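The structure appears right after this line, and notes come after that.
All heavy atoms count here, side chains included; hydrogens, waters and symmetry mates do not. No experiment lies behind these values; they were computed from the predicted model shown.
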Amino acid sequence: LAKGKLELGGLSAALYGGKLGGSFSVDAAENNAMVGKLNLTGIAIEPLLADAAKQHTLSGTGNLALDLKTVGANTYALKNNLAGTAQVRLRDGAIKGINIAQILRDLKATFSGEANDAVVASSPERQTDFSSMEGDLQIAKGIGTIKRLDIAAPLLRISQGDPATIDFTNSTFNVLARVRVVNTSTGQDGKDLADLQNVTVPVLVTGAFDAPVYTLQ
């Protein structure tokens, strides 16, 4: 600590079943300019999100790499000026609040050949299990843009579409997920979705972090 600048180097910790390493600095002389480079390996993401953001929307175990910076005199300014990158690599987890396979089965059951939107509110009883999730996020002025999303589920593959933004200032989503049905030859659920195999179904995720809305388009 010198001349209003605090630097923490060689950070290490054991937490959430894994490890943290990295560095962090804050400079009071530069309007609370903050810089953080953190790598979390082998961590359980759900308790981390619950403690850090009061969210229970994602589970799984894996790695999180953060290279972030911001500046501001209050929480709003710090969120609004957030910039940098984030990478996530998870395995054996779930997206909480939506069962995409069930929604596709419902869509098939009512399919009429005409373009319709099906709106589904988030529900804590539903979830979409995945075997792996890989995502890269680029952040500028408090807005995160998903540059890469690759989710592998037993029956599904999910990637990002356009739009693909996360507003950290206002805590809202505006993300189009491209869902493709695969492996329909295994299991009863797969047979139910056989007619949709290799068809890409766009699912728009909008609304607040704590109450997202999913729209099949």
Side-chain angles (χ1 to χ4, degrees), residues 43-50 53-62 64 88-137 144-167 171-217:
I43 56 119
I45 194 70
E46 186 171 16
L48 171 62
L49 289 177
K54 309 302 180 187
Q55 297 295 318
H56 297 271
T57 55
L58 188 64
S59 68
T61 303
L64 185 63
V88 60
R89 305 287 187 266
L90 299 176
R91 62 183 183 278
D92 300 329
I95 302 169
K96 305 294 184 71
I98 182 173
N99 184 334
I100 295 178
Q102 181 61 52
I103 291 175
L104 292 180
R105 285 192 290 269
D106 294 343
L107 175 67
K108 180 197 169 189
T110 58
F111 191 71
S112 63
E114 300 178 356
N116 292 299
D117 287 351
V119 179
V120 181
S122 175
S123 170
E125 293 81 19
R126 305 186 186 104
Q127 68 178 39
T128 299
D129 296 331
F130 61 79
S131 57
S132 67
M133 170 187 283
E134 298 187 0
D136 297 336
L137 187 68
T145 301
I146 300 174
K147 294 298 185 179
R148 175 174 175 257
L149 180 65
D150 186 3
I151 300 174
L155 292 173
L156 309 169
R157 297 295 183 271
I158 304 173
S159 60
Q160 84 282 7
D162 185 19
T165 59
I166 302 174
D167 187 337
S171 300
T172 58
F173 292 108
N174 188 24
V175 176
L176 185 69
R178 295 165 55 84
V179 180
R180 185 167 57 91
V181 178
V182 296
N183 297 333
T184 59
S185 61
T186 59
Q188 182 61 41
D189 289 342
K191 294 178 182 178
D192 289 344
L193 296 176
D195 291 343
L196 294 176
Q197 184 166 3
N198 294 322
V199 174
T200 298
V201 179
V203 179
L204 184 65
V205 185
T206 56
F209 286 175
D210 56 356
V213 173
Y214 302 90
T215 306
L216 268 68
Q217 299 186 315

| request: Give the intermediate values and the outcome of side-chain contact (heavy atoms from CB on, under 4.5 Å) for residues L49 and H56. | output: CA-CA 7 Å; L49 289 177; H56 297 271; over 6 Å; no

Provide the closest heavy-atom pair for [X] versus [Y] in the form atom of the first, atom of the second, distance.
| X | Y | answer |
| --- | --- | --- |
| R91 | G62 | NH1-CA, 4.0 Å |
| D129 | A153 | O-CB, 3.2 Å |
| L196 | V181 | O-CB, 3.6 Å |
| A164 | G161 | CB-O, 3.5 Å |

| request: Kindly compute the distance separating CG (D210) from OG1 (T172), expressed to the nearest 0.5 Å. | output: 11.0 Å

Flag side-chain contact, heavy atom, 4.5 Å: [X] against [Y]:
| X | Y | answer |
| --- | --- | --- |
| L58 | L90 | yes |
| L48 | L64 | yes |
| I151 | I95 | yes |
| T61 | D92 | no |

| Do Q160 side-chain atoms and K147 backbone N/O form a donor-acceptor pair below 3.5 Å? | yes

| Backbone N or O of I98 within a donor-acceptor pair of the T128 side chain at under 3.5 Å? | yes

| D136: salt bridge (Lys or Arg N to Asp or Glu O under 4.0 Å) partners, not counting sequence neighbours | R89

| said: Suppose the criterion is salt bridge (charged side-chain N to carboxylate O under 4.0 Å, His left out): which pairs have a residue in residues 150-162, not counting sequence neighbours? | reply: none

| Contacts of type side chain to side chain contact (heavy atoms under 4.5 Å, CB included), residue S171, not counting sequence neighbours | K79, F209

| Partner of Y214 under side chain to side chain contact (heavy atoms under 4.5 Å, CB included), chosen from I100, T206, V205, L204 | V205

| message | As a quick check of understanding, evaluate side-chain contact (heavy atoms from CB on, under 4.5 Å) for R126 and I103, giving each step before the final call. | response | CA-CA 10 Å; R126 305 186 186 104; I103 291 175; 5.9 Å; no

